[in-house]
There are 2 protein chains.
Amino acid sequence: MSILSVAKEHLSADDIHIKLRKDYPGIGLATVYRTLELLVKRNLVYKFDFGDGRARYEIISDEKGKNHHHHLVCKKCSRVIDYNDFIDKEVELLQKTEKGLSQKYNFKITDHLIQFYGLCDKCK
Amino acid sequence: MSILSVAKEHLSADDIHIKLRKDYPGIGLATVYRTLELLVKRNLVYKFDFGDGRARYEIISDEKGKNHHHHLVCKKCSRVIDYNDFIDKEVELLQKTEKGLSQKYNFKITDHLIQFYGLCDKCK
DNA sequence: CCTTTGATGAGAACGATTATCATTTGCAAG
DNA sequence: CTTGCAAATGATAATCGTTCTCATCAAAGG
Ligand SMILES: [Mn+2]
Ligand SMILES: [Mn+2]
Ligand SMILES: [Zn+2]
Ligand SMILES: [Zn+2]
């Protein structure tokens, strides 16, 4: 099922529905939403909001974070670029920050969202 | 106009509409949306998505970033906590990261979004 | 006054997501 | 091989935040 999510990244529920129908012609959109909700709850899929009014889904392909990455979002053309180049330094700071915040606010941090906004090479 | 946005943070368009009607009884929801859109474009107001299906707005009270902060979002009760304790170190890394990303991807970064998700003290 | 132009409010339209409900499917007991 | 029952599914309606449309209003200037 979720195998088909591997195709391309940042797909909307409708994108996924259309792709799925090629292999499972009778599948309904409601089932797609229900399945995605489950996958998100089980931490198998990320659900993102890039500001265009529809949720985007991205598979989590490993359990150890190798696949983990952040996003550059173009404000003009809405293009989304994945990056994980600076994760090394980021991770270090993130861990410190998460630890500090957890203590100060007595908050159990399980996840984070980091996105940079601006203009991509084609738009600036 | 935007003076009234100072009231409390993380208000939805509807929240703002209700508050505004106390002083301007005839104001319409469309005008609220239109005004917010303008304020966001002019970088006077931030527009956030905390995952509850409605946009939240927050005034930017200064121009030099003193007011800038990030968010902790409780996945259970949807409470949002502002923090700026670790902003100093974050900003340092952010600048490095932004510089590196700008060069590598030829991407002009203008803004960023950082949110930590988890469970607040009351929910964990 | 009169005309023009931009702002406004009421309500319709829109679109993504969610809820409902009848039907189908899977599966195990009889 | 039936029967029964619970879970899954698909069609469709409902929901709800946001945007669009358009008639009306207000201000400005002549
Ligand atoms: Mn991605
Ligand atoms: Mn805030
Ligand atoms: Zn672009
Ligand atoms: Zn909470």
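These figures come from a predicted structure and were not determined experimentally.
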[X] [atom1] to [N] [atom2]: how many Å, rounded?
X: A:Y24; N: D:dT9; atom1: OH; atom2: P; result: 11 Å
X: A:E37; N: C:dT18; atom1: CD; atom2: P; result: 7 Å
X: B:L36; N: D:dT19; atom1: CG; atom2: P; result: 10 Å
X: B:L29; N: C:dA12; atom1: CG; atom2: P; result: 15 Å
X: B:I16; N: D:dG17; atom1: CD1; atom2: P; result: 14 Å
X: B:D52; N: D:dC16; atom1: CG; atom2: C1'; result: 12 Å
X: A:H17; N: C:dA16; atom1: NE2; atom2: P; result: 14 Å
X: A:D14; N: C:dT18; atom1: CG; atom2: C1'; result: 15 Å

(request) Give a yes or no on whether A:K76 atom NZ has more than 12 heavy-atom contacts from other residues, nucleotides or ligands under 6.0 Å away. (result) no
(message) Please determine whether the number of non-hydrogen atoms from other residues, nucleotides or ligands lying under 6.0 Å from atom NZ of B:K75 exceeds 12.
(response) yes
(message) Taking the basic N atoms (NZ, or NE/NH1/NH2) and the acidic carboxylate oxygens, is any pair closer than 4.0 Å for B:R56 and B:D52?
(response) yes
(message) Quick test of your reading of the model: are A:R79 and A:D121 salt-bridged, counting only N-O distances below 4.0 Å?
(response) yes
(request) May I ask you to check whether A:F50 and A:H71 place their ring centres under 6.0 Å from each other? (result) yes
(request) Between B:A13 and A:G28, just flag the one whose closest nucleotide in DNA chain D comes earlier from the 5' side. (result) A:G28
(request) Examine D:dT19: is either OP1 or OP2 under 4.0 Å from a nitrogen or oxygen in the side chain of B:Y33? Give yes or no. (result) no
(message) Less than 4.0 angstrom between a side-chain N/O of A:T31 and OP1 or OP2 of D:dG10, yes or no?
(response) yes
Counting side-chain heavy atoms from C-beta on, which of [options] comes nearest to [X]?
X: A:A55; options: C:dT17, C:dG9, D:dA11; value: C:dT17
X: A:I27; options: D:dC20, D:dT18, D:dG10; value: D:dG10
X: A:R54; options: C:dG9, D:dA11, C:dA16; value: C:dA16
X: A:R34; options: D:dT9, C:dT17, C:dA19; value: D:dT9

